[in-house]
Amino acid sequence: MELLIQQLFNGLTIGSVYSLVALGLTLVYGILHIPNFAHGALYMVGAYVTLTMMVQGGFHYLLAIVISILVVGLISVLMERVVFHPLRDSTPIQHKVAAIGVLLFLEALAHYIWGADYQQMPTPYGQVVKVFDLTFTMQRILIVVTAIVVMILLYLFLKKTYTGATIIAMSQNREGAYLVGINANKVAMLTFFIAGALAAIGASLTSPINLVFPSMGHLVILKAFVIIIIGGMGSVPGAILGGYILGFSESLGATYLFSDYKDLIAFVLLVIILTVKPQGIFAKGGV
Amino acid sequence: MLELKNVYVKYGQFTAIQNVNIQVDAGEIVVLLGANGAGKSTTFRAISGLSKPVSGEIQLEDQAIGGKSPDQIVKTGIVQCAEDRKLFTQMTVQENLMMGAYVHRKKKNEMKKRFQEVYDMFPILYEKRKDTAGSLSGGQQQMLAIGRALMSKPKIMLLDEPSIGLAPMIVEQMFETIKQINREGTTILLAEQNANAALSIASKGYVFENGKIVVEGTSEELFSNEEVRRAYIGA
Ligand SMILES: Nc1ncnc2c1ncn2[C@@H]1O[C@H](COP(=O)(O)OP(=O)(O)O)[C@@H](O)[C@H]1O
Ligand SMILES: [Mg+2]
């Protein structure tokens with residue numbers, strides 16, 4: 001029983017990070033129909049910026065995360081302006097190639113700046129909390145709480161503000177959005193900023209319990225794609241639900257089924273869910 | 001008010017419209033007639049900035065607008081109700097209308113006034129304001145598309161086949177509504193295959209064939225033109 005609760009909490013932790021990363025991916029896909037393979041590289045850069053700000057800059061963990069959000073958000077916007085915007089009238093395959101190009105570029109850059117070594121991110125929240133017979137680290141609690149708060153804020157932004165509604169409008173009907181006078185460039189830049197920020201938050205939260213290295217984004221982005229395919233490409237609730245479904249499946253599967261193959265669970269899940277619901281759980285575009 | 005001079009639009013290698021010249025005066029209803037694929041929607045796409053003309057000029061009140069982006073065009077006062085309506089289907093009726101007022105988003109009072117006008121014109125939209133656009137019937141969706149366009153308080157509205165797919169009774173209402181919008185001060189450029197109804201409310205028209213304008217004239221002239229009668233009105 002305790003093991004089950006412990007594993008459920010682990011699932012919640014991993015799922016929170018997956019959801020944050022998948023949300024950024026799905027928002028960008030929703031408005032521009034670009035499968036942004038470079039999103040995993042943003043995640044990686046987010047971890048490095050936070051790490052550098054803490055270790056070299058001497059900033060507090062939380063302040064370092066704020067800086068990372070801004071830096072990665074801006075890199076993401078820059079990527080939209082310099083790479084995807086000029087390609088707006090080209091074919092989907094060109095978008096994919098460009099996205100992979102950005103991914104390779106950012107990884108090479110990370111190698112150059114930070115080296116190939118695995119690095120450990122310190123955290124001021126390493127203490128262990130005991131609730132009844134269960135032990136949780138503060139870091140894991142921080143991950144869950146922060147992720148949920150961020151998701152609620154994002155939901156309120158999309159649903160309750162006019163600016164947020166422009167993102168939803170554009171994801172539901174791109175030309176419809178143009179025809180009411182919505183500025184496509186503004187929406188694209190804003191969406192890329194949010195996506196970058198979410199990747200930075202996800203990476204910075206999870207790095208103290210994982211490791212930081214140049215290819216750390218690979219598995220995460222692969223899983224984030226699985227999540228948004230499961231949840232419905234472009235769907236916001238789909239990304240959140242999909243993230244937690246995967247998080248729980250992995251933590252429970254690793255404990256009760258096959259611990260050595262836990263990274264396979266995502267793909268098993270993909271096959272099962274798409275067999276039942278080929279379009280994913282949610283149709284695209286809803287909030 | 002709105003003028004197209006020698007406008008050409010291509011999709012890839014294919015020239016969809018060529019040498020299109022259109023003039024719309026303030027307060028008018030002007031109709032573009034023509035069969036499917038004749039080039040009406042492409043002309044609208046060019047005016048709205050969705051497709052860039054490869055050559056030619058588009059002017060609104062003597063200012064060149066060809067080459068502007070769609071959002072800039074809406075700001076100049078041209079709004080389009082597209083053929084496939086392009087609604088935000090998972091948003092509510094009210095949210096759709098709110099997005100229609102995007103150019104007035106910072107003016108609370110103007111926004112209120114716009115809502116009032118649109119709901120007065122289409123009471124059914126008020127009744128259904130909390131429903132998603134996708135759940136409306138075809139006729140209601142068309143009303144919502146027109147309502148959303150009106151929310152921007154346009155000088156000129158481009159209406160692309162508003163009667164398509166609607167029951168005859170609703171079509172009649174639709175044309176009444178178009179007349180009313182025009183009476184209240186909005187200039188209208190209408191694309192239609194239903195030549196009879198369109199010419200009865202328009203002051204003049206242009207007939208498209210294979211991307212070119214082949215006949216133009218006042219509604220009376222087009223009505224009495226043998227060729228037009230045979231091709232578009234029937235007997
Ligand atoms: N997106 C597009 N890509 C390629 N060809 C198109 C596209 N849209 C329309 N066309 C072609 O352009 C021509 C004019 O179409 P359109 O302007 O839609 O005519 P209408 O609105 O009068 O039915 C047609 O031959 C049509 O097949
Ligand atoms: Mg058409």
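Chain identifiers are assigned alphabetically (A, B, ...) following the order of the sequence lines, protein sequences preceding nucleic acid strands; residue numbering begins at 1 within each chain. What you are looking at is a predicted structure, and each value in this text was computed from that prediction instead of being measured. Values below: all heavy atoms of this structure, side chains included; hydrogens, waters and symmetry mates excluded.
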If you count heavy-atom pairs within less than 4.5 Å of chain A, which of Met99(B), Gln80(B), Met98(B) leads? Met99(B)

Report, as yes or no, whether the 6.0 Å neighbourhood of atom [atom1] on [X] holds more than 12 heavy atoms from other residues, nucleotides or ligands.
| X | atom1 | result |
| --- | --- | --- |
| Phe105(A) | CZ | no |
| Phe267(A) | CZ | yes |
| Lys112(B) | NZ | no |
| Asn109(B) | CG | no |
| Lys113(B) | NZ | no |

For a quick test of reading the model, state the closest non-hydrogen atom pair linking [X] to [Y] and the distance between them.
| X | Y | value |
| --- | --- | --- |
| Tyr178(A) | Pro70(B) | CB-CB, 3.7 Å |
| Val79(B) | Leu179(A) | CG2-O, 3.8 Å |
| Asp71(B) | Ile182(A) | CB-O, 3.5 Å |
| Ala165(A) | Met91(B) | O-CE, 3.5 Å |

Heavy atom to heavy atom, less than 4.5 Å: which residues from residues 20-37 of chain B reach chain A? none

For chain A, which residues of residues 142-166 of chain B have at least one non-hydrogen atom nearer than 4.5 Å to it? Arg148(B)

Drop me the distance from [X]'s [atom1] to [Y]'s [atom2], to the nearest 0.5 angstrom.
| X | Y | atom1 | atom2 | result |
| --- | --- | --- | --- | --- |
| Asn173(A) | Arg85(B) | CG | CZ | 12.5 Å |
| Thr166(A) | Arg105(B) | OG1 | CZ | 8.5 Å |
| Leu50(B) | Arg174(A) | CG | CZ | 11.5 Å |
| Ser171(A) | Gln90(B) | OG | CD | 8.0 Å |
| Met111(B) | Tyr162(A) | CE | OH | 4.5 Å |
| Glu95(B) | Lys159(A) | CD | NZ | 5.0 Å |

Does a side-chain heavy-atom distance below 4.5 Å link Arg45(B) with Glu175(A)? yes

Chain B shares the most heavy-atom pairs under 4.5 Å, among Ala184(A), Gly181(A), Ala177(A), with Gly181(A)

Check each atom of Leu87(B) against the heavy atoms of chain A and say whether the ones under 4.5 Å are side chain, backbone, both or neither. backbone

